[in-house]
Amino acid sequence: MRDVVYLAWRYLVFNRWKTGILIAAITVIVFLPLALELVLERSSERLRARAAATPLLFGAPGSALELALSSLYFSGESPAPLDYAIVAELGDTRLAAAIPLHLGYRVGSHPVIGTSPDYFPFRDLSIAQGRMLALSGEAVLGAAAADSLDAAPGGGVVTAPESVFDVTGTYPVRLRVVGVLEPTGTPDDEGVFVDIRTAWIVGGIGHGHEDLQDPTASGSVLKRDDSNIVANAAVVEYRDITPENLADFHFHGAEDEFPLSAVIAVPVDAKSGVLLEGRYQSPDSPVRVVRPTEVMDDLLATVFTVRQYVLVAVALVGAATLATIALVFLLSIRLRRAEIQTMIRIGAAPGRVAAILGTEILLVLIASLLMAGLLTGIATAFGDEIFRWLLQSGVL
Amino acid sequence: MISIRNLDFRFPRGGFRLVVPRFDVPAGGRVAILGASGSGKTTLLDLLAGIRVPDAGSVTVAGQEISRLPDTARRHFRIHRIGLIFQAFELLEYLTVQENLLLPYRMSPSLRPDADTGARLSRLAEETGIGGRLRRYPDQLSHGERQRAAICRALIAAPDLILADEPTGNLDPENKRRVLDLLLGQVAGHGATLVMVTHDHDLLEPFDRVVQMRDFHGAEAA
C-alpha cells in the first residue's frame, strides 16, 4: 500500500499545476454551499439572539430594518434622529425603562455609542479593566475596540474628524478611556461607549471653551453687555474634555430637542410592552416603534429565500464542475495508457494500477476536503463580519 | 531456457493468428527475431513474458510452463524472472531515473528490495553511464540515456531472461550500436538470456542466432 500511495503522490506532485487546479475546483464546490449554510445558520442565530434580547426599539419614522441594524449591530447608516424628549415620555408611562442610543460617530472604524448607564446591565456587559463611565468625556471600550485601538484605561482615543472638507462638520474630540469591557462575541465588542452628553459634544451640540468672563480671554471678546458676550473665532474651544475644563462645557438649546438615534424600551412585563406598542402605532405618530425580532425574522426570511436560489445555482455549477473533473480524470487515464501498459507488462496487477489511479483521486479529494474544511472554519470564525458585510454591501 | 511447443494464438476478435510449432533458446543464448511490421514479433515476446496466453500449445521459461500458470503466478514469475525493454523506453515521466530503475519493486508486493539492491543499482547505473543522472527526470535525459536507463530497469531484479522489443528503434545509428553493445555486455555479465526483436539487419552480427518470423511457417494473416 505504501508503494501505491507513493506513486500516486509522486504523480500528483509532478503534475502540481493540474493537481492544484483540481483541488481548487473541488474545494470551491464543497466550500461554497457548506460555508454559506454554516455562516447563515450561525449568523442568523446570533442576529435572532440579539434581536430577541431587545424587546422594543423606538426611532424616527423610516426604515425599520435600518433602525434595527444600526441600533442592534451598529451597522449601516445612522437612522433619522428623534428628540431626546421620548426618553422622559417613555419613563412617564411607567410601562418601560428607556435606554437612549446616539450613533453616527466613529473612532477609527469603531462606532461611538452614546447611551445611559442602564445599557451595560441590559446587555449584560461587565468591566474587565478600569471602571464604568462616570463623567462626560470618558469612554469605555468594547474588548475588540480596545484591542484594535491599542487603548487601555488611562489612555485616550480620538473621534474621527468630519471637518476636513466640511466647515460645518464636527471636530475631533479626545475621549479619556476609563474602562474596557469583557468580550461578549457581540457587536458591543466593537463599540466605544460614552454617555449621551459626550455623544452630543462629539456632535458639536455641546461645547466647551475658555471662560470669556475671564479677563485673560478679553482678546477674543468683540462685544460685551449685561446678558451677552460676543467673541470672535480666536476663542479657544476645548477638544479634550478633562475634569479641569468639564465645567466649561455647556449646551445651547432645549435638551428635550437634542437628537437620539433610537431608544431601547424594556417593558416591565409583556402586557406593558403591548400597551406601549399600541400607543405609538398611529401612522401620525412622530415616533416609530418596532419589535426587532419581527424585523430580523422578515430579513432572515428574505435571506434564506436567496440562499435557496444560491444553493441551487451552486449545486448546478458544482455538478457541471464535477462532470468536468471526471472527464479530466478519464482523459488523463487515456493519455496515460502507455504508462498503465508499462506497469502491467512489468508485472503489476491491474488491480494495483487501479489502486494507484484511485489513490490519486482519493488524495485530491482529501486535500480538497481539508482545504474546504479550513476555509469553512475561517468563514465560520468571521461569519458575523462576513454576514454583516453582505448585508451592508447589498449582496443580500 | 525457452521452449515453445505447438503454440497457437489468435487475438480474441480475430484479425491475427500466430502459430509457432517449435522454438527453443538455450540458457545464456542471444537470439534476434526479425520480421516485418505486423508479423507478430511483439506478440511473441508477450507470449514469452506471460503477458498473453496461447490458445493451444505450451510456453516454458526456465523450466516453468508459464502458459499453464494462473494470472497472479504468471505476474509473479514475470516480475521475478523476466526483464522487459521497450522501444519507446516507457520510463514514467513523474519519477526520477533512480525511482524508474526501482519501479519493479513498487509494482508487486512479492518483489522486495534486498540488501544488494542499492549496490546493484549503483553498479548498473555506473556501468551504463547514467550514474550522474539518477536524480534527474526522464525528460532531462537524451534518447540514448533514456534507453540505458530502461536497460538498467530491466536488469535491476537480476532476471534470467531479457526480452527486448526493438530497443534501438528510436535511436540514431551511433546510439544504436552503443546501446546494443551495452545491452549485450550487461546480459553477458549477468548470465541472462536475451531475446531481442528488431528489424535492423545491421545489428544482427553479435547474436548467436537470428530467427525470421516467417521461419515459424505459422504466422499468417487470418
Side-chain angles (χ1 to χ4, degrees), chain A residues 1-26 325-368, chain B residues 42-43 45-52 66 69-96 98-113 136-140 150 153-157 159 163-165:
Chain A
M1 190 61 198
R2 205 177 63 178
D3 293 329
V4 168
V5 175
Y6 180 80
L7 288 173
W9 170 253
R10 294 290 287 129
Y11 177 81
L12 294 176
V13 169
F14 184 81
N15 296 287
R16 54 182 70 90
W17 287 108
K18 180 183 129 187
T19 305
I21 290 169
L22 284 174
I23 290 173
I26 298 172
I325 289 168
L327 188 65
V328 167
F329 273 115
L330 288 174
L331 288 174
S332 167
I333 288 170
R334 287 189 69 173
L335 286 172
R336 294 169 68 187
R337 186 180 288 170
E339 173 196 333
I340 291 168
Q341 283 301 314
T342 300
M343 290 183 186
I344 289 173
R345 290 168 81 90
I346 286 174
R352 193 170 183 83
V353 177
I356 293 168
L357 298 175
T359 304
E360 288 171 12
I361 297 171
L362 194 65
L363 289 175
V364 167
L365 288 176
I366 289 171
S368 304
Chain B
T42 300
T43 305
L45 287 192
D46 284 354
L47 288 159
L48 289 172
I51 295 167
R52 298 184 189 281
I66 59 172
L69 292 174
D71 280 356
T72 306
R74 273 206 321 279
R75 275 197 301 275
H76 285 191
F77 183 84
R78 180 160 76 245
I79 205 160
H80 283 270
R81 310 290 297 270
I82 300 173
L84 291 155
I85 303 169
F86 311 103
Q87 180 179 356
F89 324 134
E90 307 298 359
L91 301 172
L92 304 196
E93 60 166 4
Y94 53 88
L95 298 181
T96 62
Q98 179 167 322
E99 289 168 328
N100 265 293
L101 264 52
L102 294 170
L103 186 64
Y105 294 101
R106 296 194 184 275
M107 290 292 97
S108 170
S110 69
L111 182 67
R112 307 313 306 168
R136 296 198 178 180
Y137 286 90
D139 64 358
Q140 295 172 309
R153 182 178 66 189
L155 290 165
I156 191 69
L163 300 175
D165 189 357

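So you know, we letter chains A, B, ... as the sequences are listed, proteins then strands, and number each from 1.
More than 12 heavy atoms of other residues, nucleotides or ligands lie within 6.0 Å of CZ in B:R112, so this atom counts as buried by the packing criterion.
Taking every heavy atom of both residues into account, A:G347 and B:R75 meet most closely at O-CD, 3.5 Å.
Rounding to the nearest 0.5 Å gives a distance of 7.0 Å between CG of B:L92 and CD1 of A:I346.
The part of B:E99 that comes within reach of chain A is its side chain, from C-beta onward, which places non-hydrogen atoms under 4.5 angstrom from that chain. Residue contact with chain A, scored on non-hydrogen atoms closer than 4.5 Å, involves the side chain of B:I51 exclusively. Residue B:D71: no heavy atom, backbone or side chain, is found under 4.5 Å from chain A. With a 4.5 Å cut-off on non-hydrogen atoms, B:F77 does not touch chain A at all. In this structure, no portion of B:L111 lies under 4.5 Å from any heavy atom of chain A.
Annotation: side chain of B:R153 is in contact with side chain of A:T342 (closest heavy-atom distance under 4.5 Å).
Interface remark: of the candidates B:R74, B:M107, B:H76, B:E90, B:M107 forms the most heavy-atom pairs closer than 4.5 Å to chain A. When the candidates A:M343, A:E339, A:R345 are compared by the number of heavy-atom contacts under 4.5 Å with chain B, A:R345 comes out ahead. With chain A as partner, the option from B:P104, B:A49, B:P109, B:S110 having the largest number of non-hydrogen pairs under 4.5 angstrom is B:P109.
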Can you give me every donor-acceptor pair (side chain of residues 357-365 of chain A, partner residue at least two apart or in another chain, under 3.5 Å) with its distance?
from, atom 1, to, atom 2, distance (Å)
A:T359, OG1, A:A355, O, 2.5
A:E360, OE1, A:R336, NH1, 2.7
A:E360, OE2, A:R336, NH1, 3.4
A:E360, OE2, A:R336, NH2, 2.9

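Heavy-atom neighbours of chain B within the stretch residues 3-20 of chain A, taken at a separation under 4.5 angstrom, comprise A:D3, A:Y6, A:L7, A:R10, A:Y11, A:F14, A:N15.
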